[in-house]
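We count residues from 1, following the sequence as given.
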Amino acid sequence: MNTGLKITSFAAALAATFGTAYGVGQGIDPVVADNPPKHKNEHTPPTPRPEEAGGHSGHDTPPVGGLQISEDGYTLDLETPSVTAGQRADLRFTVRDGSGRAVTAYQREHEKELHLIVASRDLVTYRHLHPTRAADGTWSTPVDLPRAGGYRVFADFTPAKKDARNLTLGADLAASGPYQPKELPAPSPTATTNGYEVKLSGALRPGKASELKLKVSRDGEPVTNLQPYLGAYGHLVALRSGDLAYLHVHPNGEPGDGKTRPGPDISFTATAPSAGSYRLFLDFKHDGKVHTAAFTVRAGGAAAGSGTPEGHADDGHGH
């Protein structure tokens with residue numbers, strides 16, 4: 001996955017350029033809280049077109065992924081276009097080539113052939129999944145979406161073909177049931193999840209690379225023994241509010257000994273393709289469990305760590 005605000009060559013298509021660690025999702029689907037705080041008397045402005053953002057021309061703006069169902073001759077064929085909210089269902093899909101044949105050979109990236117992100121249109125609900133592939137090329141994974149409404153499915157993969165590039169394809173998914181829209185959570189420098197506190201510092205800038213640092217602590221003490229998550233110490237997915245453009249984020253540093261990381265900071269380098277609001281989802285692993293912290297940030301505005309100290313994400317469910 002090498003597009004826009006780079007998230008790791010995955011995490012994603014969720015993932016789209018962040019020094020000590022990084023990571024990608026496992027056979028777990030971290031879940032962001034479905035009732036985070038809302039903006040008060042604040043409306044998210046429409047996302048400007050890249051060529052209009054911050055005075056940057058089109059060639060200065062990194063590309064984004066997930067906005068297209070087809071690219072480079074590959075198409076995401078979502079066989080399960082709708083599910084029922086609150087009920088566990090099997091999500092099935094196939095990636096097809098230009099001849100309509102199911103793709104059955106992929107490059108492994110961060111220990112997986114394909115990474116799948118499912119996010120609600122309001123960016124409140126988030127899943128990072130790792131489906132299994134049948135011999136005929138059909139992918140499947142269980143999913144349980146808590147609220148009715150529109151969702152976007154992102155498939156992040158690289159075909160096992162010479163000179164093939166990483167792709168993030170997107171398709172719409174509907175969850176039926178009573179629909180109650182939610183506002184985008186307010187910008188926040190701090191997120192809490194299952195007893196952990198994660199602090200975000202740094203600014204997200206349109207058309208310009210910048211460093212974002214995330215510090216994990218528990219009970220007021222820095223966590224200095226994070227565990228690798230698919231070959232890295234943290235995985236960051238960024239989605240643009242409005243169109244849910246999937247932005248990749250580049251991690252800084254390597255896992256080192258492959259067992260534990262000696263510091264509390266996780267660092268990434270990011271480039272926003274435009275001004276506007278973004279939702280960041282950080283997956284990290286500690287004591288054998290994967291947790292997700294979520295942040296709302298503004299690109300082209302104040303520093304990423306500005307805003308009210310709110311934010312929350314729940315653990316994922318194993319499958």
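Checking side-chain atoms of S120 against main-chain N and O of T125 turns up a donor-acceptor pair under 3.5 Å. Remark: the backbone N or O of S217 is not paired with any side-chain donor or acceptor of E197 at under 3.5 angstrom. A distance-only check finds a donor-acceptor pair linking the side chain of R152 to the backbone of G66 [under 3.5 Å]. Proximity of a side-chain donor or acceptor of T80 to a complementary backbone N or O of S82 within less than 3.5 Å is not detected. T75 places no side-chain N or O within 3.5 Å of a backbone atom of S70 that could act as its donor or acceptor partner. Judged by distance alone, with hydrogens and angles left aside, the side-chain atoms of R133 form a donor-acceptor pair with the main-chain N or O of T104 at under 3.5 Å. Between the side chain of D72 and the backbone N or O of Y74 there is no donor-acceptor pair closer than 3.5 Å. In this structure, R108 contributes its side chain and E111 its backbone to a donor-acceptor pair below 3.5 Å. Between the side chain of D97 and the backbone N or O of S99, at least one donor-acceptor pair lies under 3.5 Å. With hydrogens and angles ignored, the 3.5 Å screen pairs no side-chain donor or acceptor of R88 with any backbone N or O of L145.
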Evaluation steps, side chain to side chain contact (heavy atoms under 4.5 Å, CB included), between D77 and V95:
CA-CA 6 Å; D77 182 4; V95 176; over 6 Å; no
Could you go through the side chain to side chain contact (heavy atoms under 4.5 Å, CB included) check for L76 and T94 one step at a time?
CA-CA 6 Å; L76 175 58; T94 304; over 6 Å; no
Stepwise side chain to side chain contact (heavy atoms under 4.5 Å, CB included) test for F154 and V237:
CA-CA 11 Å; F154 303 92; V237 171; over 6 Å; no
Given the rule in the side chain to side chain contact (heavy atoms under 4.5 Å, CB included) test, do R127 and I117 qualify, once you have shown the distances and angles that lead to the verdict?
CA-CA 6 Å; R127 300 287 190 274; I117 296 295; over 6 Å; no
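With contacts defined as side-chain heavy-atom distances shorter than 4.5 Å, the pair I69/L169 does not qualify. Residues L244 and Y151 are not in side-chain contact: their nearest non-hydrogen atoms beyond the backbone lie 4.5 Å or more apart. Residues V198 and F284 have side chains in contact (heavy-atom distance under 4.5 Å, counting atoms from C-beta outward). Between R218 and Y196 the shortest side-chain heavy-atom distance falls below 4.5 Å. Inter-residue side-chain proximity for T193 and T292 is flagged as unmet; no heavy-atom pair is nearer than 4.5 Å. Using a 4.5 Å heavy-atom threshold, the side chains of D122 and E183 count as separate. In this structure, the side chains of K285 and H291 stay at 4.5 Å or more apart for every pair of heavy atoms. For the pair R121 and K182, the minimum side-chain heavy-atom distance is 4.5 Å or more.
Of the inter-residue distances, the one linking L91 atom CG with L129 atom CG reads 7.5 Å to the nearest 0.5 angstrom. Separation of atoms CZ (F93) and CG (L173) is listed at 11.5 Å; rounding is to 0.5 Å. For the atom pair CG (L200) and CG (L282), the distance works out to 9.0 Å, reported to the nearest 0.5 Å. Atom CG of L212 and atom CD1 of I266 lie 12.0 Å apart (nearest 0.5 Å). The structure places OH of Y179 at 7.5 Å from CZ of R147, a figure rounded to the nearest 0.5 Å.
A ring-centre distance under 6.0 Å is not found for Y278 and F295. Ring-centre distance between W139 and F157: not below the 6.0 Å cut-off. Between H115 and H130, the gap from one ring centroid to the other is short of 6.0 Å. Aromatic rings of H128 and F281 (six-membered ring for Trp) have centroids beyond the 6.0 Å cut-off, not under it.
The pair E211-R205 fails the salt-bridge criterion, with no side-chain N (NZ, NE, NH1 or NH2) lying under 4.0 Å from an Asp/Glu carboxylate O. With respect to K199 and D265, no salt bridge is recorded, no charged nitrogen being found less than 4.0 Å from a carboxylate O.
For the residue pair S241 / S277, no side-chain donor-acceptor distance below 3.5 Å is found, with atom types taken as modelled. A side-chain donor from one of N252 and S267 sits under 3.5 Å from a side-chain acceptor of the other. S140 and D90 form no side-chain donor-acceptor contact under 3.5 Å, judged by distance and modelled atom types alone. Side-chain atoms of E109 and T158 include a donor-acceptor pair closer than 3.5 Å.
Pairing each heavy atom of Q227 with each of G288, the nearest pair is OE1-N, 2.8 Å. Nearest heavy atoms, G207 versus T271: C-CG2, 3.8 Å. Nearest heavy atom pair, residue A148 against residue P178, reads CB-O, 3.3 Å. Annotation for P206 and G300: closest pair CD-N, 3.4 Å, computed over non-hydrogen atoms. When every heavy atom of A203 is checked against every heavy atom of S210, the shortest pair comes out as O-OG, 2.5 Å. Residues G86 and D144 come closest through the heavy atom pair C-OD1, 3.5 Å.
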